[in-house]
Every structure is written in C-alpha cells, then in structure tokens.
*Asks:* 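The structure's right below; bear with me while I get my questions together.
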Amino acid sequence: MSYTQLKIHGIIHIFLLKEAGATLRLGEFQDVDTLTLSEASLVLNALMAKRRKDRKDRNETDVLNKTLDYLDAFARFKQKENVEAVERLLSAHKELTKFERAQIGSLCCDGSDECKTLIPSLADKISDEDLQELLDEMGKLMST
C-alpha cells in the first residue's frame with residue numbers, strides 16, 4: 001500500500017471515529033447519497049472510458065489516476081451485475097442510513113460483530129442475525 005493510500009485510509013479512519021460513532025454526526029452530508037467503493041469505481045471507470053473514447057482525456061490528473069488505482073485495489077465487487085445486486089440488497093434495509101449502507105458495502109465484513117464494531121451506529125438498528133444474513137448474501141456475490 002502506498003503512502004497516499006495509507007494517508008487516505010488514515011483520514012477516513014479519523015473521520016469515522018469522530019463523526020460516525022454510535023451516533024452519526026454527518027452534518028450537511030447526513031442525507032447525501034453515498035457510494036460504495038465498488039460503485040465509485042464503476043462510475044469513475046465509465047467516465048474515464050467515455051472521455052478516452054471521445055478523446056477528452058486531457059483532464060486526467062495524477063490525483064484522478066491514484067483515486068482509480070485506490071478504487072481498483074479496494075473495491076470488493078468488480079462486475080457491474082454484482083455491484084447492482086449488492087446495492088439492491090443494501091437498499092432493502094430502509095432502517096439504515098445511506099452512509100451506513102455504503103460502509104457495509106465497502107467494508108464487506110465477515111461477521112456482524114466486526115461490522116458493528118467498525119460501524120457503531122448499527123448497534124440498535126439491525127439485529128445480528130439480519131446483518132449476518134446480509135453479509136453472507138454479499139459474500140456470495142464477491143466470489144462470483
């Protein structure tokens with residue numbers, strides 16, 4: 001992992017600890033649509049493919065390329081069909097915020113305990129059994 005990736009992970013981790021604890025305090029971003037890493041990867045890769053096709057790739061920056069590298073490395077679902085299936089699974093859980101759903105879809109934890117430790121606001125929103133079932137369904141999509 002490069003220094004840039006570690007730095008980004010550190011910033012995200014600090015943000016999560018400070019603002020996304022047991023009570024979400026996302027301020028102006030509270031109800032903003034949130035993407036999983038896999039969704040962000042699909043969007044940016046499609047945009048870049050279109051730009052290259054239209055010969056408008058002159059705006060490719062080092063930051064954009066590093067972002068794409070990061071997303072390619074950490075996006076858990078690579079195929080569009082699987083990304084869409086995960087989104088459908090997550091969207092069925094209306095009791096969760098968009099942020100929480102995106103975190104679940106990006107982290108892809110093995111178990112509900114790990115997931116609730118990393119996303120403390122889930123504690124009273126979803127049962128361990130329901131969360132584990134969701135994680136298991138997502139796990140099936142990772143292997144295909």
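All heavy atoms count here, side chains included; hydrogens, waters and symmetry mates do not.
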*Asks:* With sequence neighbours excluded, what pairs up with Leu96 under the side-chain contact (heavy atoms from CB on, under 4.5 Å) test?
*Replies:* His93, Glu100, Arg101, Ile104, Leu122, Lys125, Ile126
*Asks:* side-chain contact (heavy atoms from CB on, under 4.5 Å) with Lys78: which residues, sequence neighbours excluded?
*Replies:* Ala75
*Asks:* Please determine which of Leu35, Leu37, Leu42 meets the side chain to side chain contact (heavy atoms under 4.5 Å, CB included) test together with Val83.
*Replies:* Leu42
*Asks:* Show the nearest heavy-atom pair for residues Cys109 and Leu118, with the distance to one decimal.
*Replies:* SG-CD1, 3.8 Å
*Asks:* Decide yes or no for Arg76 and Val86: does some side-chain heavy atom of the first lie under 4.5 Å from some side-chain heavy atom of the second?
*Replies:* no
*Asks:* Output the distance between atom CZ (Arg51) and atom CG (Leu64), rounded to the nearest 0.5 Å.
*Replies:* 7.0 Å
*Asks:* Distance from Leu90 atom CG to Gln103 atom CD, nearest 0.5 Å?
*Replies:* 11.0 Å
*Asks:* So, for Ser106 and Thr36, which heavy atoms are closest and what is the spacing to 0.1 Å?
*Replies:* OG-CA, 3.3 Å
*Asks:* Applying salt bridge (charged side-chain N to carboxylate O under 4.0 Å, His left out), name anything that partners Glu137, two or more places apart in sequence or on another chain.
*Replies:* Lys140
*Asks:* Considering non-hydrogen atoms only, spot the tightest contact between Gly105 and Phe77 and give its length.
*Replies:* O-CE1, 3.7 Å
*Asks:* Can you pull out every side chain to side chain donor-acceptor pair (under 3.5 Å) where at least one residue sits in residues 110-120? Sequence neighbours excluded, please.
*Replies:* Lys116-Asp128
*Asks:* Holding to side chain to side chain donor-acceptor pair (under 3.5 Å), I want the full list of residues that pass it with Asn45, two or more places apart in sequence or in another chain.
*Replies:* Ser41, Asp72
*Asks:* Nearest 0.5 angstrom please: Glu81 CD to Glu84 CD, how far?
*Replies:* 6.5 Å
*Asks:* Do Arg52 and Met48 have side-chain heavy atoms sitting under 4.5 Å apart?
*Replies:* yes
*Asks:* Could you grab the distance from atom SG of Cys115 to atom CE of Met138, nearest 0.5 Å is fine?
*Replies:* 7.5 Å
*Asks:* Test of understanding: with salt bridge (charged side-chain N to carboxylate O under 4.0 Å, His left out), list the residues that count as partners of Asp62, not counting sequence neighbours.
*Replies:* Lys66
*Asks:* Quick check: do Leu47 and Val43 have side-chain heavy atoms less than 4.5 Å from each other?
*Replies:* no
*Asks:* Test: salt bridge (Lys or Arg N to Asp or Glu O under 4.0 Å). Region: residues 32-47. Which pairs qualify, not counting sequence neighbours?
*Replies:* Asp33-Lys98
